[in-house]
Amino acid sequence: MARLSRTLLPTLKDPPADAEAVSHKLLVRAGMVRQMGSGLWTWLPAGWRTHRKVEAIIREELDRIGAQELSMPVLQPAELWQATGRYDIDELFKLEDRKGSPMVLAMTHEECVTGHMAREVRSYRDLPRIVYQFQVKERDEPRPRAGVLRTREFVMKDAYSFDRDSEGLEHSYGLCVEAYDRIFDRTGLRWYRVESDVGMMGGSGAHEYMAPCAAGEDTIAIAPDYAANLEVASALPQGFERPPALEGPEAVDTPGLKTVEEVSAALGLDPGALIKSVPVVTDSGDFILVLVRGDHQVNQVKLANALGEASRPAREDEIAGKLGPPGFIGPVGAEVRIVKDEAISGGGLVTGANRPDAHLRGVEPGRDFEYEQMDVRTVVRGDLTESGDEITLEPAIEVANIFKLGTRYSEPLGATYLDPDGREQPIVMGSYGIGPARIVAAAAEQLSDEHGLVWPADIAPWQVHLVSLAKAGEEATEVADRLYGELTDAGMEVLYDDRDAGPGQKLTDAELLGCPLRVVVGRRGLAEGIFEVSERGTGVDHKVPVEQGSDAIIALAGDRA
RNA sequence: CGGGGCGUGGCGCAGCCUGGUAGCGCGCACCGUUCGGGUCGGUGAGGCCCCCGGUUCGAAUCCGGGCGCCCCGACCA
């Protein structure tokens, strides 16, 4: 069934010139994926085997918590999307059918599944339910990148929970967390479950599953008992050398010194002793002066969450008249709304003087200006968790996310039920996504070496890569054929390299593809009466006596799984 | 959306500046050779030089427009 001589497995000596990410290079070289267009990929047979193995793990674990698989269409009428207000999202592919009716290609399926539940669920007795599907998602990404990591079309496992109330949601959410934890353990990835931003999905809580690797687009903040997306991470700031407090603010001349670096250097102070003043304008038009420590950055996501709305940096014309010139802005005497980050404390601080070429020192929040205090800064490496552990930052791929949606979709789509008292209530929802392709790519990123891929046993395209080094007609060919038959009959997944090719090519291809066990049948081993079995990744070799043949190899494969 | 780069047999590239009818390596086919780490030699097939328009006796090359792809940033249910 899987004789390499008849398998579509186009391995490449060189990676595509435009590939940067390790997973991109290796998955293409190993003949697992091919590009069709920007962000559009074909999964070739070997790649699809791995993809489906990931799907199988997900399916088993979701079935185990009582979730039910279904399948919804990708092509959908635009109506539902107009109802939830998501029709205007730029990433949504929009089209018309032949009658001119507006249609969309679904980028996710909340609208569709909630639309169904609105019709089918009537009573509290119909709840809770958890359903899921594996279905293609279409997203017109502004910039697809890194091979299969960020694409415009991809299969997502999306699950949706429907409960009577938020307690029920907590329970369903907990079940999904359990299932997801097991799924990611089984994939063999190194992973974290982190707190995440609820983003445009709305709702009351969210986590992401993150696989650390160099090609990751996100950054996660990690400590022994802490894990969060950097977008929302929160921590205790590090100390700095604090200048002496003064009776009141004192002006100092700082001609031309506009940046934190310039001012702190000129005054001989730690950057942490400065207050960085960032004027922003919110979506609703509110003008706010945001203050963070000189050695910190404003975190747009945390700021939006703290303010309850998004904001952007203020333009110079908006600042003029309210505050000093850029580089010399400060909170003292400013008649604007002031939000101070909670990492700023104590006195003796330095701020802009709101006039050209001058700063103030000895500034103390509270005494010298009024403020609202919020947590709006981006955590930096070395900050401490509440239990005193240092935080490290790592790039990571988001491989899954889970949201407590609440009634964000059930309300606009009229998904309600009657409670025991006969009152109409909105269904409380959760949504749970996993990208199998990203799991495949993350495994390639995390586990490869200089020779190629190294698949965890449970998601490898084949368990055994059987390499015959014999020429046609040699006795070794018969031996390899027989071993292949025995292993296959025993239910093993075997890729049998029976090609008429040199040993170098066959062995390097086996390493490139990265199946857990490589079995070499060749004259040299047979002279000793053995098959040579190598474990990919560990470098451990076994000499398996020919007479024990398939049984011993099956046992070794079992050990690796 | 801003910035940068690229587009020439299946893959990786040279040729373009300085116009003259396309070349290299790998791969592929065949013959021989070799056979435990991408053997070696020979023969051969394969190209609308991304597209459209312009300049020119003549355009892969120069000019204009378009399309596609990649990278950095913004963005990212």
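Residue numbers begin at 1 in each chain, while the letters A, B, ... track the order of the sequences.
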### Query
Rounding to a whole Å, what distance do you find between Asp14(A):CG and C13(B):P?
9 Å
### Message
Between G10(B) and G53(B), how far apart are the two P atoms, rounded to whole Å?
### Response
24 Å
### Task
Can you tell me, in whole Å, how much space there is between the P of A60(B) and that of G68(B)?
24 Å
#### Entry: Nearest-Å distance for atom pair NZ/P, residues Lys25(A) and C11(B)
18 Å
### Task
Name the nucleic acid region contacted by Arg34(A), choosing base, sugar-phosphate or nothing; use a 4.0 angstrom heavy-atom cut-off, strictly under.
nothing
### Query
Is Gln35(A) touching bases, backbone alone, or none of the nucleic acid, heavy atoms closer than 4.0 Å?
sugar-phosphate
### Query
How do Pro503(A) and Met36(A) order along RNA chain B: which one's closest nucleotide is nearer the 5' end?
Pro503(A)
### Task
Considering only atom C1', compute the distance from G9(B) to A14(B) and round it to an integer number of Å.
14 Å
### Task
Considering just the side-chain nitrogens and oxygens of Arg523(A), establish if one lies under 4.0 Å of OP1 or OP2 belonging to C35(B).
no
### Task
Starting at atom NZ of Lys506(A), determine the distance to atom P of G36(B), rounded to an integer number of angstrom.
12 Å
### Query
Ala146(A) near the nucleic acid: base, sugar-phosphate alone, or nothing, with a heavy-atom cut-off under 4.0 Å?
sugar-phosphate
### Message
By nearest atom, which of the nucleotides G12(B), G38(B), C75(B) is closest to the Pro16(A) side chain?
### Response
G12(B)
### Task
For Leu149(A) and C76(B), give me the distance from atom CG to atom P, rounded to whole Å.
19 Å
### Spacing of the P atoms in C28(B) and G38(B) (rounded, Å)
15 Å
### Message
Heavy atoms from C-beta onward define the side chain here; which of C71(B), C69(B), C75(B) lies closest to that of Glu20(A)?
### Response
C71(B)
### Nucleotide G37(B), atom C1' - distance to CZ of Arg499(A) in whole Å
13 Å
### Query
When we call it a touch if two heavy atoms are under 4.0 Å apart, what does Arg145(A) touch: a base, just sugar-phosphate, or nothing?
sugar-phosphate
### Summary
Among C75(B), G12(B), C71(B), the one nearest any side-chain atom of Ala17(A) is G12(B)
### Message
Classify Met156(A) by what it touches in the nucleic acid, base, sugar-phosphate, or nothing, heavy-atom distance under 4.0 Å.
### Response
base
## Note on the structure
Taking G38(B), G36(B), C69(B) as options, the one with an atom nearest any side-chain atom of Ser38(A) is C69(B)
### Task
Under 4.0 Å between any heavy atoms, over every strand shown, what does Glu398(A) touch: base, sugar-phosphate, or nothing? Just pick one.
nothing
### Message
Please report the distance, rounded to the nearest Å, between CZ in Arg143(A) and P in C69(B).
### Response
13 Å
### Query
Roughly how far apart, to the nearest Å, are A22(B) and G46(B) at atom C1'?
14 Å
## Note on the structure
Whole-Å distance, Glu91(A) CD to A74(B) P, equals 15 Å
#### Entry: Spacing of Asp541(A) atom CG relative to G37(B) atom C1', expressed in whole Å
14 Å
### Message
Using atom P in both nucleotides, what's the gap between U21(B) and U34(B) to the nearest angstrom?
### Response
43 Å
### Summary
The reported gap from CZ in Arg139(A) to CZ in Arg152(A) (rounded to nearest 0.5 angstrom) is 14.0 Å
### Query
With respect to the side chain of Lys13(A), which nucleotide from C70(B), G37(B), C26(B) is positioned closest?
C26(B)
### Query
Using atom P of each nucleotide, how far apart are C71(B) and C31(B) to the nearest Å?
43 Å
#### Entry: Upstream residue (5' side of RNA chain B) when Thr11(A) and Glu141(A) are each assigned their closest nucleotide
Thr11(A)
### Task
Please tell me which of the listed nucleotides, G36(B), C70(B), G38(B), lies nearest to the side chain of Asp509(A)?
G38(B)
### Message
Give me the distance, rounded to whole Å, that separates U18(B) from G23(B) when you measure between the P atoms they each carry.
### Response
24 Å
### Query
Which part of the nucleic acid, if any, lies within reach of Gly502(A) when heavy atoms closer than 4.0 Å are counted: base, sugar-phosphate only, or nothing?
nothing
### Task
Could you work out which one of G38(B), C69(B), G36(B) sits closest to the side chain of Gln505(A)?
G38(B)
### Query
Can you tell which of G36(B), G38(B), G37(B) lies closest to the side chain of Leu507(A)?
G37(B)
